[in-house]
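Here is the structure we will look at, set down as structure tokens.
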Amino acid sequence: MIPREIVPGVFAVGAIDWDRRIFDELISLPDGTTYNSYLVRGSDKTALIDTVDPAKTQDLTGNLDSLGVGSIDYIVASHAEQDHSGSIPAMLERFGEAKVVTNQKCRDFLVDLLHIPEDRVIVIGDGDTLPLGGKTLEFIIAPWVHWPETMLSYLREDRVLFPCDLFGSHYATSSLYVPDEGVIYESAKRYYAEIMMPFRASIKGHLEKLASREIDIIAPSHGPVYDRPAFIMDAYRDWTGDAVKNVVVLPFVSMHGSTQAMVDHLIGALMQRGIPVQPFNLTKADTGDLAKALVDAATVVIGSPTLIFGPHPQVVYAAYLANLLRPKTRYATVIGSYGWGGKTVDTLKDMLGRLKVEFLEPVYVRGYPKEVDFAALDRLADDIQKKHEEAGIIRP
Ligand code: FEO
């Protein structure tokens, strides 16, 4: 990779990770990712905003070398997670005069996670500024995007926002700026779903705080830079807002075809009523795609057979994940089939305890579904249509 100038004196000096396919040993990265780091050169001082994953330290140092950077005064740490902070120790070693600039909580994390010496850290608070000579960084403490210590930096003179993970996308590209808004919308939505969605309320507040600022460029820590900030800010307002879409998400597993027959019937019944449905066969689906679908769907119907006495383990995994991610889903229920008993419906209901949903009447049957069971699925589709209409999600 090569360093790229964003505005005079501000350079992208991070790394592209074309081949990375999993993050946190959990999140799949179909398009790789980038670890963005930015160099801000003032007339008096030089600051580096965040670093890169430790596996890519050499890319960062190579970029700094090619810009002829002989000294760095400040390393701004927006977030202590290692994909951004992991190269700070190497930078402190290379630039002996450099100090880490961060907030108190982030300082504590850096000391614990990376053993950064406390005397190399300058602690700042919300609204504090760092003058570099003709360029001034202002810090905005913004907890829970997506750790408790996160903060943003705003370069006043050039109106560039450095929001770290916020507004990011796991998308490896050689383009400095968003190459295609349609493509990056999907990537950023997936990223939001997997990482930011549990903190929707906090992020909403941060968006309101940013609304009064003039921002020409958003330079996040993953994915391309936004030269049209309204694109990603509008998308975030939509995702974090309370409105849901007339969509049913249907994650399911079927072992011997009974639950599959119910899923197929319900899909048809919803289609007849003009309700878009997104099924996810959990034995084949990518959980990132499922998470993305959960961002704004009004209803979730979980399809699970009973294995021994409870839900299929693949369904348990998906329900556990959905409960962690806390989508703004309004309605939920369970459909499926059992052989000799069990507590699948109650177990799944309990597992979704963090979601503020209204549970609709489940359709849970013994063996292969009969006519009466298919009729119950039709009634469920009616119920979903009615609920969506009453909530104004479908205009009747
Ligand atoms: Fe990209 Fe939360 O680290």
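Being a predicted model, the structure only gives us computed values, none of them experimental. The analysis underlying the following values was restricted to heavy atoms, covering all of them including side chains, and did not include hydrogens, waters or symmetry mates. Start at 1 and go down the list; that is how both ligands and their atoms are numbered. The first residue of the sequence shown is numbered 1, and numbering continues consecutively from there.
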Between L39 and Y177, is there shared hydrophobic-cluster membership here, with clusters defined by ILVMFWY side-chain heavy atoms closer than 4.5 Å? no

Taking just the N, O or S atoms of H79, which one is nearest to atom 2 (Fe) of ligand 1? NE2

So, is H84 placed with an N/O/S atom under 2.8 Å from atom 2 (Fe) of ligand 1, counting both backbone and side chain? no

Need the atom name: nearest N/O/S atom of H146 to atom 2 (Fe) of ligand 1. NE2

We want to know whether H84 and S78 form a side-chain donor-acceptor pair, criterion being a heavy-atom distance below 3.5 angstrom. no

Relative to atom 1 (Fe) of ligand 1, which of the N, O or S atoms in H222 is the closest? NE2

Do the side chain of D17 and the main chain of G32 share a donor and acceptor less than 3.5 angstrom apart? no

Below 2.8 Å, any N, O or S contact between C164 and atom 1 (Fe) of ligand 1? no

Is there an N/O/S atom in E81 that lies less than 2.8 Å from atom 2 (Fe) of ligand 1? yes

When the ring planes of H170 and F23 are compared, do they come out parallel, tilted or perpendicular, using 30° and 60° as the limits? tilted

Restricting to N, O or S, what is the name of the atom of D165 that lies nearest atom 1 (Fe) of ligand 1? OD1

Distance under 6.0 Å and angle within 45° of ring axis: K343 vs F309: no

Check whether the ring centres of Y226 and F167 lie less than 6.0 Å apart, and answer yes or no. no

In D83, what N, O or S atom is nearest to atom 1 (Fe) of ligand 1, if we give its atom name? OD2

